[in-house]
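For reference, the structure discussed in these notes is given below.
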2 protein chains.
Amino acid sequence: MTDAPGKPRTTIVTLSRSAGVSTSTVSRALKGDPSISPSMRARIAALAAEAGYMPNIMARTLSSGRSGLIGLVLGAASNPFYAMLLEELVRQAAARQQRFMIIHAGAGPIEDSTAEALLHYRVDGCLITSADLSSRAADICARNGVPVVMINRIPRQHASAVSCDNAEGGGTLARFLRAGGHRRAGILHSGAGSSNGIERERGFTEAFTRGAARIVFRFDARSVYEGGYAAGEAIAEMPAGKRPDCLFAVSDIIGMGAMDALRAKGLRVPQDISVVGFDCIPDGARPHYAITTFRQPVAAMVRRGLDLLAARIGEPSLPDEAVLLRGEIVIRASARQAAGDAWDKAAG
Amino acid sequence: MTDAPGKPRTTIVTLSRSAGVSTSTVSRALKGDPSISPSMRARIAALAAEAGYMPNIMARTLSSGRSGLIGLVLGAASNPFYAMLLEELVRQAAARQQRFMIIHAGAGPIEDSTAEALLHYRVDGCLITSADLSSRAADICARNGVPVVMINRIPRQHASAVSCDNAEGGGTLARFLRAGGHRRAGILHSGAGSSNGIERERGFTEAFTRGAARIVFRFDARSVYEGGYAAGEAIAEMPAGKRPDCLFAVSDIIGMGAMDALRAKGLRVPQDISVVGFDCIPDGARPHYAITTFRQPVAAMVRRGLDLLAARIGEPSLPDEAVLLRGEIVIRASARQAAGDAWDKAAG
DNA sequence: ATCGGGAACGCAGACGTTTGCGTGAAATGA
DNA sequence: TCATTTCACGCAAACGTCTGCGTTCCCGAT
């Protein structure tokens with residue numbers, strides 16, 4: 001079965017024999033069952049440590065139904081935001097003794113056979129982080145009673161979700177731009193498939209369009225740098241009078257593309273046109289971009305997401321829940337702002 | 001145990017009963033054992049499909065010792081190269097009916113408890129993609145007979161590896177730069193901990209330093225954008241006569257940082273100084289950078305890596321193997337080149 | 001002296017698959 | 001026609017852990 005040479009992995013049975021007790025006692029002792037005497041518990045713990053005992057999770061899963069495995073659907077890695085999210089997820093999950101099984105990574109659609117793997121492995125729950133609205137994995141989970149939590153996404157039926165308050169973020173950015181004297185905004189969105197983008201744009205538009213201020217330009221940048229770049233080129237082509245005086249990109253990566261295109265065409269950012277983004281990805285902090293943006297509270301989002309999932313794994317009948325976390329504006333050099341600190345006060 | 005309400009998951013036992021045969025027959029029929037008659041096989045397959053049967057991998061693992069899970073150690077996601085790698089890995093693994101369990105992601109060290117999870121879950125093998133030389137996970141695997149394959153890394157003891165021919169890549173870049181008339185090179189390396197960087201630098205130096213050409217500058221850019229930026233600033237400070245006339249960054253991300261810094265300080269790339277990188281990450285193709293680089297054959301590397309691993313899972317006694325794949329230079333605008341197509345000929 | 005009641009463990013079945021050995025029956029060869 | 005294969009399938013023992021029920025022993029309270 002395993003490697004022929006004589007290493008009979010130490011198991012609970014091995015331990016029970018060398019301790020002269022039953023396997024059930026060993027099992028219970030190892031997980032701190034109060035019905036085992038402290039002395040016995042200590043003795044078994046010592047034995048286990050000495051023998052280098054490693055529990056066989058597969059066996060545990062088979063017996064108890066709990067695998068400690070969480071299915072993970074990851075968004076397009078071309079957006080550094082998901083890289084951030086991934087690292088934070090893995091870190092926090094490990095601290096909770098949970099591991100991720102990757103179901104999918106990338107922009108493409110999820111094949112059925114892939115999504116079903118999630119059932120084969122009896123994952124305890126499933127985490128979906130993808131702005132993409134359609135998700136086969138979520139359906140399969142829902143049909144089979146596997147709790148689903150979405151991070152960075154608006155909840156769908158049969159799923160809990162935690163995301164940043166996208167509308168509020170868009171609104172904050174809009175107020176900042178207005179305070180900086182901008183009245184003609186362009187919006188670089190990411191199509192109808194992205195729930196985040198839709199919310200951000202809604203919040204922005206509502207807060208921006210007061211008085212004479214209006215949205216004078218919209219462009220579908222598809223959540224990729226190239227899309228933003230194309231938008232920037234289009235804007236640069238416009239006659240100076242028609243051009244927006246500021247740009248709201250629903251994600252930093254788009255905004256960065258736009259900035260590069262504008263500059264390549266000879267326009268100055270922020271002197272000729274201001275640009276703000278969303279997400280606060282590390283790349284946006286580089287001096288070359290220094291993009292003003294809205295930071296999503298990634299660590300907190302991950303923590304709440306994992307909490308939500310853990311709760312539903314423990315008690316599957318819990319109702320779906322959507323939590324919105326507040327982010328914060330990060331002011332950098334890519335957008336002109338009002339003189340003095342008027343904004344600081346207004347921001348409260 | 002599972003959800004109380006009446007859904008008794010269809011198992012092999014269920015199927016065996018409704019088919020009126022033994023469980024062993026069902027098991028064998030489902031996996032195409034030739035000792036089962038075609039008619040029986042068809043009948044059982046139909047039954048399984050109809051009942052929506054899903055094998056319980058945990059039970060299979062317990063019995064057969066093979067989990068179909070591969071442990072994955074991922075490098076720092078701040079380098080987009082690993083994002084590329086991840087997507088390709090997940091895609092190809094899924095096609096082979098294999099899944100990844102994430103052991104670690106990011107730059108930080110791997111905790112022991114994390115690495116041991118890999119034993120708890122009885123992973124069939126382990127894939128390590130990280131330029132970082134030290135790796136706790138590899139040791140643990142080696143000690144427990146779990147095959148290890150490293151991608152994008154020089155092999156260590158007890159591990160197979162597949163990587164791009166880094167030295168050859170460095171050499172190619174060096175010859176390209178020489179052909180472009182450069183004689184004073186600066187090298188932006190990533191410290192002694194990166195086996196890739198070391199090889200790339202070695203190959204570059206050997207090919208570049210002929211005749212009057214020499215390496216006039218070295219800088220540890222730690223594989224991050226900021227490191228490259230710092231290097232660029234340092235170079236811009238140098239008196240014009242002392243400055244290198246070209247820069248070899250052992251990874252694109254470093255080179256991009258350097259380019260931004262040089263330009264911010266008023267130097268022109270490539271007019272004042274040429275810059276070449278390594279990896280061919282998508283970001284480097286952006287018009288703003290257009291960095292000349294060396295493309296690693298990622299898809300092929302992943303394929304060979306998975307092959308290597310599969311072979312060793314099947315036959316653990318196979319000796320370690322190191323495979324080097326040839327990459328190709330990608331010429332863009334960040335480096336001056338010789339007039340005409342002299343290079344094309346010389347490259348062969 | 002009897003009884004009720006924890007405390008501390010042991011028994012044994014279950015979880016769902018896999019697999020080494022059978023074992024009848026049909027097919028083959030002489 | 002009989003011995004020998006080959007075919008197709010069944011038996012049952014793992015795999016390692018969990019857990020619902022006992023069972024024993026010891027104590028303090030009647």
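Convention: sequence-line order gives letters A, B, ...; per-chain numbering from 1.
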Looking at every heavy atom in both S16(A) and T23(A), which two are closest together, and how far apart are they?
OG-CG2, 3.6 Å
Measure from the side-chain heavy atoms of K31(A) and tell me the nearest of dC18(D), dT17(C), dG16(D).
dC18(D)
Five-pair end axes of the helix from dA1(C)-dT30(D) to dA30(C)-dT1(D) and the angle they enclose, rounded to 10°:
40°
Interatomic distance, I12(B) CD1 vs dA14(C) P [rounded to whole Å]
18 Å
Atom-to-atom span, CG of L30(B) to P of dG16(C) - whole angstrom
15 Å
When you match G20(B) and T61(B) each to their closest nucleotide on DNA chain D, which lands nearer the 5' end?
G20(B)
Which atoms of nucleotides 7-9 of chain D (N or O only) lie under 3.5 Å from a protein N or O atom, and what are those distances?
unit_1: dC9(D); atom_1: OP1; unit_2: S37(B); atom_2: OG; d: 3.3
unit_1: dC9(D); atom_1: OP2; unit_2: S37(B); atom_2: N; d: 2.7
unit_1: dC9(D); atom_1: OP2; unit_2: S37(B); atom_2: OG; d: 3.0

With the threshold set at 4.0 Å, does a side-chain nitrogen-carboxylate oxygen contact exist between D307(A) and R96(A)?
yes
Find the distance R60(A):CZ to dT17(D):C1' and express it as a whole number of Å.
8 Å
For a quick test of reading the model: is some side-chain N or O of Y53(B) closer than 4.0 Å to OP1 or OP2 of dT17(C)?
yes
Would you list the pairs meeting side chain to side chain donor-acceptor pair (under 3.5 Å) in which at least one residue belongs to residues 52-61 of chain A, sequence neighbours left out?
none
OG1 of T25(B) to CD1 of I36(B): how many Å apart, nearest 0.5 Å?
5.0 Å
Any side-chain N or O of S27(B) below 4.0 angstrom from OP1/OP2 of dT18(C)?
yes
Would you indicate whether the side-chain heavy atoms of Q296(A) and N196(A) approach each other to under 4.5 Å?
no
Of all heavy-atom pairs linking A137(B) and V73(B), the shortest is CB-CG2, 4.0 Å
What integer distance in Å separates R66(A):CZ from dC15(C):P?
16 Å
Give a yes or no on whether a donor-acceptor pair under 3.5 Å exists between the nucleobase atoms of dC11(C), that is its base, and the side chain of S24(A).
yes
For A299(A), is there any backbone N or O sitting under 3.5 Å from a side-chain donor or acceptor partner on Q92(A)?
yes
Candidates dG16(C), dG16(D), dA12(C) - which lies nearest the side chain of T23(A)
dA12(C)
Atom CE of M58(A) to atom P of dG16(C): distance rounded to whole Å?
16 Å
Determine yes or no for a side-chain-to-main-chain donor-acceptor pair under 3.5 angstrom, with N79(B) supplying the side chain and F81(B) the backbone.
yes
L15(A) CG to dG10(C) P: how many Å, rounded?
14 Å
Rounded to whole angstrom units, what separation is found between the CG atom of N56(B) and the C1' atom of dC18(D)?
15 Å
Would you state whether a donor and an acceptor, one from the side chain of S64(B) and one from the base of dT18(C), lie under 3.5 Å apart?
no
Output the rounded distance in Å from CZ (R17(B)) to C1' (dG16(C)).
12 Å
Counting distance only, does the side-chain N/O of R28(B) pair as donor-acceptor with the main-chain N or O of D33(B) below 3.5 Å?
no
May I ask you to test the M101(A)-F100(B) pair for a side-chain heavy-atom distance under 4.5 Å?
no
